[in-house]
2 protein chains.
Amino acid sequence: MSANSRLTIAAHALAWISLYQRQGHEVATSEQIATSANTNAVVIRRLLGELRRAGLVESRRGGGAGWSMARELESITLLDVYEAVEPGPLFAMHRATPDQECVVGYGIQPAMQGIYEVIEETLRRELARVTLEDVLRDILAAPR
Amino acid sequence: MSANSRLTIAAHALAWISLYQRQGHEVATSEQIATSANTNAVVIRRLLGELRRAGLVESRRGGGAGWSMARELESITLLDVYEAVEPGPLFAMHRATPDQECVVGYGIQPAMQGIYEVIEETLRRELARVTLEDVLRDILAAPR
DNA sequence: GATGGTCGTAACCGTAGTCGTTACGACATT
DNA sequence: AATGTCGTAACGACTACGGTTACGACCATC
């Protein structure tokens, strides 16, 4: 399926910002987050930009600028992050429409569409069960 | 996530072969299936090759060659097909290992790994609930 | 044993998505 | 005015997917 790391990095960034703020800081910079996630600051800004559009974080520009949470960590679920960062569906249909003269070619798409909807709804429900507060707790629970 | 159509095409092929056999034919050719799915026969052979490795179909070579089912349609679930054609995990970790000096960088991977395992297990359970007999029934139920 | 149809598979190409990187303007604090 | 950061475009490397061509391997049939 060619998995990507967008959900992972987004969760990483949100957890980092929250923890940093709980330590008394106002905002976190994309550079700091990128260092923690071992990636490039532009990658972080791009991802956080999508999370901002979803209303999960805020950004300030100018001097002393950076990112801060727009919502409480316990009110954000992995589904919120997933939807902000992963638009499309999980499974794709045929590239070219199948042969409509064939019984299978005619019925396959509605059939699979219905099945996929149920499956993706289950995935969403499962993602919605995990809050970012849960994630941060798990992070801090790592043995040291 | 850049979804692909492998599961859809594989289900299409299996449904087509089964229906064709139920109509009294011995084997189905990749050319016939490709016509129904509106794709190239090589694409079908590649996919069916993976399904053969998983023990779902058989192939005969030589004259009058083609593909036939190796198992009953009602004993095959979408999970069987999914596992045969989609190897990797759904979500990826960081490309480069995050900063192990950072609390978040240190704990994020075990945390997300545990969460992802639960989610993917749920997905598998859901895929396992749908048999290809269900799929074929839905296909034939399409209004005409 | 020659023929013909089909599988099995390699090779290549176009397209798209992800990620990293550089660059630079916009902006606000100082 | 200077500085630090965001916002975003642009580009390249890499990978995956799907389509296509090509050709050898195989076997039923004649």
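Note that this is a predicted model, so its numbers are computed, not measured. Chain naming here is simple, since letters A, B, ... match the order of the sequence lines and numbering starts at 1 in each. Worth knowing before you read on, the calculation uses all heavy atoms, side chains too, and leaves out hydrogens, waters and symmetry mates.
Defined by atom type and a distance below 3.5 Å, a donor-acceptor pair is missing between the side-chain atoms of B:His94 and A:Thr39. Side-chain contact of A:Thr131 with A:Thr77: a donor-acceptor pair under 3.5 Å is absent, judged by distance alone.
Regarding contacts with the backbone of C:dC19, a side-chain N or O of A:Ser5 is found under 4.0 angstrom from either OP1 or OP2. Remark: B:Arg60 is not in phosphate contact with D:dA28, judged by side-chain N or O atoms under 4.0 Å from OP1 or OP2. Not one side-chain nitrogen or oxygen of B:Ser59 sits closer than 4.0 Å to the OP1 or OP2 atom of C:dT6.
A 6.0 Å sphere centred on CD of A:Glu121 holds more than 12 heavy atoms belonging to other residues, nucleotides or ligands. Within a 6.0 Å sphere centred on CD of B:Gln113, heavy atoms belonging to other residues, nucleotides or ligands number more than 12. Heavy-atom neighbours of A:Gln100 CD from other residues, nucleotides or ligands within 6.0 Å: above the threshold of 12.
Applying the ring pair (Phe, Tyr, Trp, His ring centres under 6.0 Å) test to residues at least two apart or on different chains, the pairs with a partner in residues 22-53 of chain B are B:Tyr20-B:His25. For residues 110-144 of chain A, the set of pairs meeting the ring pair (Phe, Tyr, Trp, His ring centres under 6.0 Å) definition, not counting sequence neighbours, comprises A:Phe91-A:Tyr116.
Out of C:dT21, D:dC17, C:dG8, the shortest distance to the side chain of B:Arg52 is found at C:dG8. Which of D:dT8, D:dA22, C:dC19 sits closest to the side chain of B:Arg45 comes down to D:dA22.
Under the 4.0 Å criterion applied to side-chain N and carboxylate O atoms, B:Asp134 and B:Arg129 are not assigned as salt-bridge partners. Salt bridge present: A:Glu133 and A:Arg22 bring a charged side-chain N and a carboxylate O closer than 4.0 Å.
In this entry the distance linking CG of B:Leu48 with C1' of C:dT6 reads 13 Å, nearest Å. Summarising the geometry, the separation between CZ on A:Arg53 and P on D:dC6 is reported as 15 Å, rounded to the nearest angstrom. Protein atom CD of A:Glu50 is 11 Å distant from nucleotide atom P of D:dT8, rounded to whole Å.
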At a cut-off of 3.5 Å, list every protein nitrogen or oxygen paired with a nitrogen or oxygen from nucleotides 27-30 of chain C, distance to 0.1 Å.
residue: C:dC27; atom: O2; partner: A:Gly62; partner atom: N; Å: 3.4
residue: C:dA28; atom: N3; partner: A:Gly63; partner atom: N; Å: 3.0

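Considering B:Leu136, B:Ile33, B:Val57 in turn, B:Val57 is the only one that fulfils the side chain to side chain contact (heavy atoms under 4.5 Å, CB included) rule with B:Leu14.
Not a single salt bridge (Lys or Arg N to Asp or Glu O under 4.0 Å) links A:Arg95 to another residue, sequence neighbours left out.
For A:Arg46 against C:dG20, a side-chain-to-base donor-acceptor contact under 3.5 Å is present. The base of D:dG18 has none of its N or O atoms less than 3.5 Å from a complementary donor or acceptor on the side chain of A:Arg95.
Annotation: proximity of residues 97-105 of chain B to DNA chain D (heavy atom, distance under 4.0 Å) is found for no residue. Taking a 4.0 Å limit (strictly below) on heavy-atom distances, residues 14-40 of chain B reaches DNA chain D at B:Thr39, B:Asn40.
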